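The structure displayed is predicted, hence computed values, not measured ones.
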Amino acid sequence: MTDVVQAPIPMPRMAWLARLKGAPVIPLVILGTVVFCAVAGGLVAPFDPNDADLDAAFQPPFWAKEGSWSHPLGTDNLGRDILSRIIAGCRVSVIVSLYAIAFSGAIGALVGMISGYFGGRVDQVIMRLVEIQMSIPSIALALLLAAALQPGLGTVVVVIVFTYWTWYARIIRGEVLSLKTRDYVAFARVAGVSTPVILLRHLLPNIMNTLLVLATLQVGQVIIFEASLSFLGLGIQQPDVSWGLMLSDARQYISNAWWAITMPGIAIMLTCLAANLFGDWLRDRLDPRLRQM
Amino acid sequence: MLVLDQVSKHYGAVKAVDGVSLTVPEGQTLALVGESGCGKTTLAKLILMLEKPTTGRILFDGQDLAQMSRSQLKGYRRQVQAVFQDPYASLNPRLRVASIVAEPILAHERPDRASLKKRVEELLDHVGLPASAASLFPHEFSGGQRQRIAIARALALRPRLMVLDEPVSALDVSIRAQVLNLLADIQQEFSLTYLVIAHDLALVEHFSTQTAVAYLGRIVEHGATEDVFGAPSHPYTRALLEAVPQPDPDHVLPDAALLGEIASALDPPSGCHFHPRCPVAVPICPRERPAEVNAPGAGHTAACHLLAAARPLEHAASSP
Amino acid sequence: MTALAPVLAIEGLKTYIHLKRGVVRAVDGVDLTVGAGETLGLVGESGSGKSMTGLSILRLLPKGAGKIVAGSIRLDGEELTTLPEKVLARDVRGRRVAMIAQDPMTSLNPVFSIGDQVSGPFRYHGGLPRQEARAAAIDVLQRVRIPSPEKRLGDYPHQFSGGQRQRIVTAMAIGRGPRLLIADEPTTALDVTIQAQMIALLRRLQQESGAGIILITHDLGVAASLCNRIAVMYAGRIVETGPVREVFRNPAHPYTRALLAAIPKLGSRGRRLVAIPGQPPSLIDPPAGCRFAARCPLKVSACDAYPQTTAVGPNHSVACWRAGEAV
């Protein structure tokens with residue numbers, strides 16, 4: 001050929017872990033602890049979470065006058081160890097987050113991609129559906145679903161997926177609307193590449209960052225949602241342990257055992273805060289355009 | 001090979017393309033020039049079937065695109081490829097060069113790994129890139145190299161027609177000549193027909209064999225490049241040529257180089273779209289759309305009332 | 001143009017940009033002068049340092065990353081590099097040195113009317129009362145050929161065409177009678193016929209105002225039609241400078257010659273373009289010697305050291321070891 005072109009300089013590929021450089025440490029530690037407790041909670045918890053010991057009921061945390069190190073965060077009305085129950089509650093939070101996010105993300109992304117890519121009538125219909133869905137109060141929907149199905153972990157996941165897929169769908173649709181005008185998508189169409197291949201090869205990889213950021217930011221909301229449902233008695237049922245359920249149980253004794261309601265509350269708050277801070281960092285890192293979310 | 005017959009494309013009230021008839025002859029390079037709003041990019045999209053014309057027909061080897069069956073369309077896709085302006089936007093940043101170049105092939109064939117790899121390497125070699133480029137990502141290349149990758153990809157299916165949409169205008173001056181020479185070489189080697197969309201008149205004169213000048217959705221002049229540049233017959237073409245700054249300090253740009261602004265495509269002037277800016281407009285210009293009449297040179301036409309007045313017979317012959 | 005005391009004199013300017021990947025030597029030892037009423041064309045490709053030179057004068061470098069590390073910039077004899085930021089912002093930017101950027105929308109605020117934006121500086125910095133500021137705005141819009149400006153003061157930027165917007169930006173730039181106008185690719189975003197109008201306007205302003213103009217452009221045609229003098233930049237340095245006629249008729253640096261041979265010209269149909277092989281060097285770790293050497297057809301062993309600037313004609317100098325040789 002006519003001219004010599006210099007060989008390009010290869011750039012070192014970043015190891016996946018190296019990308020976490022600069023991530024906020026404290027949120028990562030908190031989230032790591034929650035996940036660890038969910039997986040190996042039984043090994044670290046000092047007591048069985050459902051081990052009632054009425055003699056030890058209403059023990060305050062260790063720093064209070066009557067507290068002791070045998071129940072560092074105190075006990076509840078049945079004498080169950082609060083620390084052990086919080087550790088056990090991690091499992092529900094993590095499982096619900098994983099399923100709810102996986103399903104709402106997948107459904108939302110698929111619908112959003114189809115809506116954005118095809119446009120026209122398809123888009124109109126889907127977006128109207130999304131708007132209708134968004135105008136239904138999610139607690140009312142939860143009550144309805146819980147009545148129709150059985151309250152429990154599965155119902156919690158279904159309710160959350162039902163509420164949140166629209167959030168993904170709208171954002172992914174917007175993303176795809178701009179992606180589909182890219183020249184490489186135009187070229188793929190010109191070259192006769194089939195639509196499913198275009199969606200999978202050209203659009204999906206380019207919305208992965210957005211999906212990841214949305215998923216991380218959703219963790220906090222899912223945990224609170226689960227807690228609210230369980231608190232209302234529509235979610236997790238005894239003998240399973242959930243932070244929301246702990247709040248609900250402790251509510252009646254709030255005046256004489258403040259710790260029983262405060263400790264799970266702090267667990268919820270810290271986990272949500274950690275998830276949101278990590279999500280913020282990830283968003284700034286991967287996709288600063290999403291900042292308005 | 002490719003014939004446009006009274007093609008129009010409307011977006012709501014905007015007539016982006018307004019009754020364009022053009023022929024792209026086999027083996028030639030037809031350049032479509034004009035300023036913003038002239039419809040040249042929309043026309044490229046129509047030919048690439050990224051958009052459908054509102055009215056009119058596009059014929060490829062005598063076959064109407066709108067009437068083609070699925071398999072015929074697939075064949076059309078194989079034979080017509082494109083290179084776009086911005087090499088940063090036209091390559092998917094998440095795919096390696098090998099996947100980018102192989103994409104058109106995989107859309108139509110099921111080659112085995114070894115032969116695909118060999119074809120990709122050959123294509124890269126044709127555009128002057130080393131085989132080692134195949135395993136890298138687009139961001140590891142300069143603008144000129146990326147445009148070579150885009151050319152290799154367009155070449156992958158051995159097309160007959162290539163639509164080049166401003167192929168070098170995003171590149172640096174010292175890189176443009178490399179890419180233009182490359183395009184000229186592969187045209188020879190693969191006997192390609194080119195349709196070039198461009199705004200740079202010097203480039204068009206250098207690169208094309210046929211030139212069509214567009215203004216606000218219509219073709220105002222069309223002919224062999226040496227005729228259009230040697231004997232520009234539409235006042236707009238003349239004004240356009242006069243307005244090109246030349247790398248020559250003794251070349252003087254006319255001071256009032258063309259009065260007024262390009263009209264909005266939303267509300268184009270009546271009759272001949274160019275009449276408000278035309279230095280030689282006559283009373284008929286705002287009233288009637290001028291027909292195409294012959295200008296000096298074989299197949300050279302221009303849509304101007306003055307020309308029609310000077311050649312009344314041909315005008316009568318070509319108007320309905 | 002007669003060489004009076006220069007409006008602007010830059011000596012040994014080095015502007016570096018600190019990135020994660022390393023230090024980019026964007027401007028690496030630039031000398032240039034601009035006289036009153038003179039238009040200097042700073043010509044080069046992207047990454048040659050031409051825009052960074054312009055931004056260095058106004059100290060509008062990328063925040064935190066860009067820094068002038070050496071050299072002096074004197075405006076009418078006054079050193080700008082040591083001027084406190086506050087003084088520079090108050091007395092120099094927009095007042096003694098004005099700028100026209102490539103995209104007029106970056107200089108115009110979409111939510112304020114043109115009247116507000118053009119008359120603002122007269123009121124708030126020039127201290128004119130409202131009515132007089134309005135009159136001054138109309139006057140300056142007339143000078144840039146905006147038709148019936150008094151009727152259009154209430155219009156917003158989006159109601160003007162691209163060419164008109166660029167002329168409004170020009171009006172804002174010349175409004176307060178700057179000594180130096182930096183025009184960075186002022187016509188690149190415009191259509192050919194609109195570009196010709198803008199070129200004509202800049203020519204007239206240059207004659208009327210007597211300001212020095214630095215025209216930063218990659219387009220040799222635009223440079224040839226507007227400039228008195230040309231400075232060709234390559235990889236952070238000026239490789240050739242001289243009167244426009246000299247540089248275009250007798251280009252002395254191999255890069256200038258190659259560039260002129262590589263662009264298609266009207267009337268040069270069918271001739272094969274002479275491409276410049278390769279691409280510009282990285283400015284993070286530029287070669288020690290002549291930066292064009294790797295692409296130069298005339299390279300000799302002496303090119304491993306950076307060439308002295310030698311005069312090849314009146315006011316025409318070039319940084320090339322083989323400058324004197326006829327080729």
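- With a 4.5 angstrom heavy-atom cutoff, C:Ile263 touches chain B only via side-chain atoms.
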Between C:Gln279 and B:Ile175, is the side-chain contact (heavy atoms from CB on, under 4.5 Å) condition met? List the steps. CA-CA 7 Å; C:Gln279 44 194 324; B:Ile175 306 296; 4.2 Å; yes
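- Distance check, rounded to the nearest 0.5 Å: CG of B:Leu253 to CD of C:Gln195 gives 8.5 Å.
- Residues C:Ala196 and B:Ala243 approach most closely at CB-CB, 3.8 Å, considering heavy atoms.
- Interface remark: C:Leu260 contributes side-chain atoms only to the contact with chain B (heavy atom separation under 4.5 Å).
- Atom NE2 in B:His251 sits 13.5 Å away from atom NZ in C:Lys265 (nearest 0.5 Å).
- Rounding to the nearest 0.5 angstrom, the gap separating the CZ atom in C:Arg249 from the CG atom in B:Asp250 is 4.5 Å.
- Counting heavy atoms from C-beta on, the side chains of B:Arg176 and C:Leu273 never come closer than 4.5 Å.
- Contacts between C:Arg145 and chain B at a heavy-atom distance below 4.5 Å are absent for every atom of the residue.
- Neither the backbone nor the side chain of C:Ala223 comes within contact range of chain B; no heavy atoms are under 4.5 Å apart.
- If you measure heavy-atom distances from C:Leu266 to chain B, the contacts under 4.5 Å come from both the backbone and the side chain.
- Residue contact with chain C, scored on non-hydrogen atoms closer than 4.5 Å, involves the side chain of B:Leu180 exclusively.
- Atom CD of B:Glu35 and atom CD1 of C:Ile194 lie 6.0 Å apart (nearest 0.5 Å).
- Residue B:Asp200 does not touch chain C at all, counting heavy-atom pairs closer than 4.5 Å.
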